[in-house]
Structure formats: C-alpha cells, structure tokens
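Here the structure comes first, spelled out in structure tokens, and everything after it is commentary.
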Amino acid sequence: MGSLDFARGREVGRSLGRLEAAAKVDGTVEYIHNLRLPGMLHGRIHRSSIPHGRIVRIDTSAALAVAGVHAVVTADDVARLVPDPYYGPAFHDQPILATGKVRHVGEPVAVVLADNPHAAEEAADLVAVEYEPLEAVFDEVAAAAPDAPVLHDELRPAGMFTDLKHLAGRRDTNVALDARLRSGDVEQAFAEAEHVFEHTFRTGKVMHAAFEPMVTVAEPHAAGGLTIHTASQSPSFVRSEISRLLGWPENRVRVRTAFLGGGFGAKLYIKLEAMAAVCALLARRPVRIALSMDEQFYTITKHGATVRIKTGVARDGRMTARQVETFWNGGAYADIGPRVTQKSGFSAAGPYDIEHVALDNYAVYTNEPPAGALRGFGISQLVWAYERQADVIARTLGIDPLEFRRRNALRNGRPHATGTVVVGMEVDAVLDRLAEAMAWDKPFDRGTGTIRRGRGIGIGVKACVSPTTSTAAVHIYGDGSCAVHCSTVDMGQGSDTTMAQIAAEVLGIPTTDVRVVHPDTDVTPYDMATLGSRSTFHMGNAVRRAAEDARAQIERMAPGATSFRDAMLARFAMQAGTVVGFGSYAPSYQKPDPETGLSANITPFWMLGGAGAEVEVDTETGRITVTKLVNVADVGRAINPASVERQLTGAAIMQLGFTLFEEMVFSDGQVLNASLADYKIPGFLDVPRELTGTFVEAPHPEGPFGAKGVGETGIFSPSPAIANALYDATGVMLYDMPLTPERVLRAIREAGGRPLEQA
Amino acid sequence: MKAFELVEPATIDDAIALLDAGDPGVRAVAGGSALVPMMKARLFQPTRLVSLRRIGGALRGIHAGDGGLRIGALATLTELEHSTRVRDAAPVMSRALRTLSNVRIRNVATLGGHLAHGDPHMDLPPILLTLGARVRVAGRGGERWIDINDLFLGYYQTAVAAGELITEVHVSAQPHDARTWYEKFTALSADDWPTVGAAVWYRTAGDRIGEARVAVSAATERPVRIAAAEQILTGAAPSAETFGAAADAAAAAVDPLADIRGSAAYKREMVRVHVRRALEKAR
Ligand SMILES: Cc1cc2nc3c(=O)[nH]c(=O)nc-3n(C[C@H](O)[C@H](O)[C@H](O)COP(=O)(O)OP(=O)(O)OC[C@H]3O[C@@H](n4cnc5c(N)ncnc54)[C@H](O)[C@@H]3O)c2cc1C
C-alpha cells in the first residue's frame, strides 16, 4: 500500500464524542428554525375544523384586512402554478392546500402570508370557510368495510414504487394497499396443531414530538429557481417531488438542511416544502412556514393498528402456523403508509421459524390526520401483538418465556417467511445477553401488599427497507484536509460522527479532522433518505467506498507521499487542487411475488431487538412503574459503541412513553390533547432506575466494517416486555396500548370480580 | 398573538393603578407560566399586561414568625422549594414542590400566580386548605384579607377581583403535633399535572383524632375541603378502619369531571385510594 499506509483501525469501534457536541451546547449549531432571510414573509396555515366535507366557499376578506398581511393563498392560487397539486411518496393523493374537499381536522386550507408572524396568526383565524359536511369514518376496520364513506375517488399511485402500479385507477375504496404473504398452508396446519391461539391487539395513534417542530423557508431566485431550506430527513426526495410538481428540471431546485432537532420519521417526504415553495413563488419573496408543536399533531402521526393474530402450536411448544391480519390506520393521506404496511407487514411472523404463514395487511384511509413513518416503521405495532401472544402461549403451555423463544427462534441459514434465507441475525446471542442482563435464572422478588412485581421479555425483528441507494463523495483539498459530502441528515442520531469515523478509518486520519458537509442537493450527492436505520449500512458503505476511491487516487498520483498534504503538493506542484473520491451503494434485491409475497432476497440486513422489563404494579391505582428496562440489539459491529448505546436507551424511553401513557385522544376527528400540556411524553422521573442499552456484535458480511443499522432496534420490544411483566405481576392481560393506569386498574378489578363502574 | 402593551411598574400602587377592572384584556402577570400558554392558545388576548417583576419589597421574601409563614406573592416556587423556613414550618409543602411540574416552571412560577389562577389542578391549594392560610389582597379600595377557604370559587374562578392583586400569603403557624401529608397522583407522565391531589391534616388528643382537615383537588372543579371525611375522622381513633371510612366518604362526596386523564368513576376511586394513603402516611 505504499508509504501512505498510516495507522489503521483506530477510528471505527471507538466511543468518540459527537463532532458537533460543543456547538450544540453553546448554541452555535445551525438549525433551519433560526434562519431569517431579508424580505421574508411568514406563512400561517388556516386549518380545517371538520373531519370530512366539501368546501363551499372561502372568504379571505377579513384576513386580508389585517395590517401586515400580504396575501392569503388558497387552492385556486396553487392551481395557477401547479395544475395537478397532489403529492406523496406512495400515492399522489395529498393536495398542497385542500382542493374541493377536506379529509381531516387540521388539514391546511389556506396560508396567510404576512410581514410578521403575529399578523399572520391573527389573520389565519379570520379566514372563513364554509363547508358542506360529509360522513366521516375514523376506525381502520370500519373504514375498510365496503359500505364505509370513501375519502378518495380514485387511487393514484406515485411512480416511485413499481409494486403499487397495479392499484392505479381503483375506485370506491379506502384500502390504499392490500399486501399479502402466503407460505405453506396455514389452514391445514391449524387443523393439525395441538393448540390454536387467537387474539386481537390494538395500538393507538401517537406523535413524534421532536423538539424542533417542522420548518421550511422557501427562497425564489430572480433567475427562475428555488432554494428550499428545510428541516427535512429526505432532501433528495424533496428536490425531485418539488421539481415534479412545478414541472421543472431538478437542477432548478436546491434543497438544503442543517442539523435537525429530532425527526423520528416525521420530517420525511413532503411536509411544508410544497406549500412554502408555492407561496414563495406566488409572492416572489422568501416565505417561512414554521409549525407550532401543537400543529404537528395534525400533520403526521404513527399508525394506529388493529392486529388479528392466530397461531398454531405443536405439543412440544413449537409454533407451526401463523396468520396475521393487520389494519393500519393511515389517516386521510397515504404518505408512506403503504410502505409501512408492506415492508413491515411481511415481518409479522416475527423472528421465529414458522413453517406455515399467511399475512394480510391493509393500509386504510380514515378521516384522521395522516400517518406515516415513526421510528420502527410499523414494527412495534406488530411486535406488540406477537410478543404479547408469545407469553400467553408460553404461560398456557407451562414453558418459560425465554425458553419458548429459544425453541422457536429463526436462525441463520433458515428461510424467513418471505423465503429469504436469513444471514447475519444473531437470535441466540441476543436472547443470551437478555437473559444475562435480566438475571433471568435468578429468583425474583414478587412484591408485597398492593405492589406486585413482575418481569417480562420480548424480541422483535425488522427487515431493513430495500432497495435503496446512497451515494457519497470524499474530497481531499489542496492542503490535504478532508470533507465528506453526503445527504444523510444528522437529526441527533450522530450520523455526522459515524460517517466521519468511517472515512477517517479508511483514510488513516483522526475523525476530528474530517468535516462532514450537510445535505445540499446542489453539493451533496443523492441519498434515498435518512430513515429506517439504513444510513450506517447504506451511506456508511458509500462513504467507505468514496474514501477508498480518494485514497487510491492519491496513492496512484503520488506514490511514496507520506501525507495527503505532500501528495497534493507533489501532484499539483503547489499546495492546491482537489481530489474527489466517489462511492455509491445499492444492495441487491428481489421484488416479492405479488401473489405470494415471496422473495429470495427481501432485505440487505435484519435488525433484531430484544427487551426486558421489571415492573411494579400498584394494584389500587393501576399505575405501572418500570424499575428496570433493558434493550439488546444485534448491530453487526458498533462503529461508535457509546452512540449505539444511546440509540438503545433513547429508544427505550421513547417507547416507554408510547407504552404507558402516550396516545392522541380523538373525538370526531379532533385531537383532544393536541399540546404537550396534555399529551405527555416521558420526563426524567419516568426513566427507569435501571436503564440499559447493550448490543451483541457479529460483523455483517456486507456492512461497512460489519455494521448494521440500530436507530430503530430499541423501539421494537419494550412494549410487550412491559406488558408481559404486567401479566407476570398480576395475571392481567391487556390487548390495547397504552397501558394507562385506568385500563390496568379496570382489568385488575375485572379479574378480581370487583369491576369498577363504567364512566 | 396581537400586539399589546406591556407595563412594568415599580410599586404595588402603580401596578394597581395600571390594572383596569373594566377591561378583561388587562391582567397582571407574574411568572407568566400559566398566562403565556393561554395567550399562545389564544384563550386570552391581552390589551395590557401589568408585569409585577420589578416590584420588590412586600411582594418578595419568605418570613417565619410566631404567626406562621409570611410569603410574598412574587416568591417563586423554586424559592419555596429550597426555603428552610418552609421546610421547618410546613414540610408537606416542600415535598410537594419537588414534583410540582418541572424545575423550569418552578423557577419562574410565583405563589401569587399559582393561587390567583384558580386552576383546580394546582398542587399547593389543597395543602394550604389543610394548613390554614389567608391571602392579602390590595386594590384601589385598599387592602383586605381572604381566608383560603373562601378563595377558590370555581373552575378558574377566585375571590380575587379584577383590578386586585395578591400581595402576600400567610400560612398559619402549625401546632407541633399536627400531622400532614399530600398525595399527588399522576395518570400520565410522572411530572404531569395531578389527576388527583389529596391533602390531609390532623391532630390527636389522647388516642383520638382531635381535629381533622381533608382537601381534594384536580378531580374536582375546584380544590375543596371534604366535610364528610373530616366529620368521620374527628373524635375517632386514627385506625385503618377510620381512614378507610373517611376515604369512602371523600369518594362519595366528590363529583369528578371525566377527561383524558380518567373517567369520573376512576377518579372517584383514586380519591378514595389517595385520601386513605395520605391519612396513613401523615406525619
Ligand atoms: C407545563 C406546565 C406544567 C405544570 N404542572 C403543574 C403541576 O404539576 N402542578 C401545579 O401545581 N402546577 C403546575 N403548573 C402550573 C404552575 O404552577 C402555574 O403555571 C404557576 O404556578 C403560575 O404562576 P405564575 O407566576 O407563572 O402565574 P402567571 O402565569 O403570571 O399568572 C397566572 C394568573 O394569575 C394572575 N396573577 C399572577 N400574579 C398575581 C398576583 N400577585 N395577584 C393577582 N393575580 C395574579 C395573572 O393575572 C394570571 O391570571 C404547570 C404549568 C405548566 C406550564
């Protein structure tokens, strides 16, 4: 390798601090939220007050009369610029502003543009909209029924996902997608099974509650282009979708991001970008639209789901058949819901070796706010069902829950329900680590009096979304310093540091010497999006390849140079010039058969997460205190172990909130608790006394230095682990999340024959 | 938010002069932790806010004397939380303050604002109802004292009239044998507003309870004393049976409002459990 062969292997695998840590603490870090441009107008959205109805008339006169108001934009104005104003990653179903009708409470109907945010806010209240109400439907099962009121006249799949094409033109249905998987013969297997278990589980809608609400600033260029500064997880997608809407080539749209104050899936695809772009082009001035925390409850949520699960078990405790029917409450617009439905849906058999599997998934439109991606992409709703049921089966059969999982584990070399042979998934190692962390074989204090103690575990699996592409460039500048250009968005997960570590490892330099350039579609190359725990694997591979390319170029052009600085001088005859290494990564993939859902290559890697919980249940109030929570992940290899652990403990706290008390409460499509005063997220006093994030390593053959993704893994299993611990403590079975004190107390009292009166 | 006038008078008299009883858009603001969220939610649109923050003197400080605690209306909840005078005179308050909202709110929220707001979900009102307290109020017509039992009139309604200011809160001196406790029950996150707050106070004479006070908040439309529970306790032995009976009486007496934190039946049950627990834990 010549004399450029600096010390290697020093950067990957180290718990380095975040590159931006100091700037985050002293407040100098860049957020789009803080961006102000000269001449900028402030947009404020007037939202629908009803869940479903035709727009009869919009009166903007009172709003326009407010001092400082520049314009009030409605669908008619949008149409002048964008004749077909419907967007979406899966379906072109969501209008930039409500067009003809509204489909959920909170849907944007008009945008007021004003000199200052206060005038905009005041005027937005004064927009008067007359509606002709239509019958609405909120429940996902009811909405899928043939006689339900229909939200969209016709399904309009976006071109991006070819497997949705067959849905084009379908009419009179709220089922946006039905995805199925058939492997073996479940009916026969149920008939032969020793035991058959059948349950229905539900999860409500919850919200991401990122610290920085959504914000976009659109800036028109005199020469006829547009820069969109946006807190987005998917700048590349924003560029192509805005270009498509405007009928412009992509090179006229520039999309840039900064650090995000959290994303968790909320800031994907198009959120405010299309609206801000159209407003800016109409006004010919920069326009900033920034949501309040409260408005986000009407913008994007996690899917509520109804999961019907039926499992056949043989005498020896081995599961032989599983049938799962899942209805996903997608809200009024599909967003990425059909992907959640399909990509998560096929994993509903869990990390288990089950011969006969039949899965049906329905993405259903309802008159609630749209549901999309939220950390885990539908997996936690399914794990909630299959891991709750696993404990019922184990308990009924008198098998230890850990042993039951071991007996049924899906191991490397065996086919998953999709037919893909499993590689690089360490079920046994995860279960062993979980057993160890939970001291599972040790006696356990069961509590006294009104405090009952219990413990539980759960394990869940996700297949990383496929196929997707990442590309990256590594620049070596004239002085030998280095920058990574990639469109991965650092939203707090630490991707800048991870990418810098990977580049530094290849280049043989310290991580702190690597600069990571933030996504800017004029500068950084394409990336599918920062989602689904895909960045470390996909972008990590692209960055690794780009760094290898840069290094190889340097070695070729200046053999014998002992540093990049010397190499540049040697090659360019002065301390100048640029060397650009390029890397891209797109894993191989085989599309599932549309009839059977089978594929020989469904995913580049499997993510496996186990959780264990110890709880104390107050049997007089129903309040659950989680005293210990353990998350174990199978990560291939940890690029930055401390970062991995924080992803796991952070996810544990997030999912703890979803499990115990977070839920959007609806009445006629209105969110009754659309503010953080009433929609409570966990605080520090809710964090379990013992909270552990730990991982097992077994380098993945295709991962960069063996790494797999981990951003979502810690979300999968805490909910069933906690509910199983409740079950262990009290014998009480709950089927619906969250496990609020009232639900728990009612179940305890019911079981004790002293039911609490209704209402 | 519409433009409004913000004034920061330096004296109580100036503040009172700037308050205008006739205009509902004119209000005092202390910590702003209750008022500003209402403004953001557009439940309140001020024309003028009279900020009390520049006023010193009588509105500040925590003083202990024979007559009890004298607390300036602008004392922050953090000051109360860390005050050794409060801890010595009324440890039940110090304990409650630790889980009252969060440190950021406690740093700005004032006792005057806490009481004047009339929100039934506050933690200190039921405690003060059991400890005994009175509130000094100043207005254009001069000063008056309001007994804490007469302060809370209804949902977000107090006896402090428009144009009046709370200047001071006087917490009664506690007999050395008074036993007190406050149970805060949150249904959602640990730092949530209480779903039920139950405060108790009692003294024993020999092997009997001499005098007892029980107050419940959050589940009810205003913080209330529960006479039926107090009657059961008075003259009875401080036993599990007595406490259970008093708790049953409290549960029967309240008329809980259902909301996202629980149904009426659940809240009634939580009143029972927490009144009983407060009595059992009182010390
Ligand atoms: C997120 C959050 C969580 C909370 N959780 C809890 C909780 O768990 N438990 C709890 O008890 N409380 C809780 N609170 C409420 C908090 O205790 C109150 O907001 C606070 O006590 C109000 O005090 P302030 O000084 O900020 O009042 P301000 O907001 O300034 O004023 C409130 C009202 O009182 C009036 N006012 C203020 N000072 C005076 C005065 N001296 N004389 C007359 N009128 C006056 C104002 O005009 C206004 O109408 C929470 C608040 C928030 C925002």
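Keep in mind that this is a model prediction, so the values were computed, not measured. In what follows, every chain begins at residue 1, and chains take the letters A, B, ... in the order their sequences are listed.
Contact of A/Arg746 with chain B is made through the side chain alone, with heavy-atom distances under 4.5 Å. Both the backbone and the side chain of B/Leu188 come within contact range of chain A, each with at least one heavy atom under 4.5 Å from a heavy atom of that chain. For B/Ala187, the parts sitting under 4.5 Å from any heavy atom of chain A are the backbone and the side chain alike. Heavy atoms of A/Glu122 lying under 4.5 Å from chain B belong exclusively to its side chain. For chain B, no part of A/Ser675 is nearby; none of its heavy atoms comes within less than 4.5 Å. When heavy atoms are compared at a cutoff of 4.5 Å, B/Thr186 approaches chain A by way of both its backbone and its side chain. At a 4.5 Å heavy-atom cutoff, the contact between A/Thr621 and chain B is made by backbone and side-chain atoms alike.
Closest heavy-atom contact between B/Arg98 and B/Arg106: O-NH1, 3.3 Å. Nearest heavy-atom pair across A/Met207 and A/Met293 is CE-O, 4.2 Å. The two residues B/Tyr182 and B/Pro126 make their nearest non-hydrogen contact at CE1-CG, 3.8 Å. B/Met270 and A/Leu745 get closest at one heavy-atom pair: CE-CD2, 3.7 Å.
To the nearest 0.5 Å, the span separating CG on A/Leu726 from CE on A/Met733 amounts to 10.0 Å. With rounding to the nearest 0.5 angstrom, the CG atom of A/Leu756 is 6.5 Å from the OG atom of B/Ser263.
Ion pairing of B/Lys184 with B/Asp123 is present here, as a side-chain N (NZ or NE/NH1/NH2) and a carboxylate O approach within less than 4.0 Å. Ion pairing of B/Arg42 with A/Glu121 is present here, as a side-chain N (NZ or NE/NH1/NH2) and a carboxylate O approach within less than 4.0 Å.
Side-chain contact, B/His117 with B/Asp119: no donor N or O sits under 3.5 Å from an acceptor N or O.
In this structure B/Tyr266 satisfies the ring-ring contact (aromatic ring centres under 6.0 Å, His included) test with no other residue, sequence neighbours excluded. Residues passing the salt bridge (Lys or Arg N to Asp or Glu O under 4.0 Å) test with B/Asp192, sequence neighbours excluded: B/Arg261.
When each of A/Val105, A/Ile45, A/Leu291 is checked for a side-chain contact (heavy atoms from CB on, under 4.5 Å) with A/Tyr298, only A/Val105 meets the rule.
Within residues 676-691 of chain A, the residues having any heavy atom closer than 4.5 Å to a heavy atom of chain B are A/Ala677, A/Asp678, A/Lys680, A/Ile681, A/Gly683, A/Leu685, A/Asp686, listed by residue number. Listed by sequence position, the residues of residues 60-67 of chain A in contact with chain B number zero, using a 4.5 angstrom heavy-atom cutoff.
By number of non-hydrogen pairs under 4.5 angstrom with chain B, the leading residue of A/Arg623, A/Glu757, A/Gln758 is A/Arg623. Contact count versus chain A (heavy atoms, under 4.5 Å) is highest, among B/Arg268, B/Glu269, B/Gln45, B/Arg277, for B/Arg277. Your options are A/Asp125, A/Asp294, A/Asn673, and the one with the most heavy-atom pairs under 4.5 Å with chain B is A/Asp125. Between chain A and the residues B/Arg272, B/Lys267, B/Arg276, the largest count of heavy-atom pairs under 4.5 Å involves B/Arg276.
The number of heavy atoms from other shown groups lying within 6.0 Å of CZ (A/Phe211) does not exceed 12. Sparse packing is recorded around NZ of B/Lys40, with 12 or fewer heavy atoms of other residues, nucleotides or ligands lying under 6.0 Å away. Under a cut-off of 6.0 angstrom, the local environment of CZ in A/Arg754 is sparse, with at most 12 non-hydrogen atoms contributed by other residues, nucleotides or ligands.
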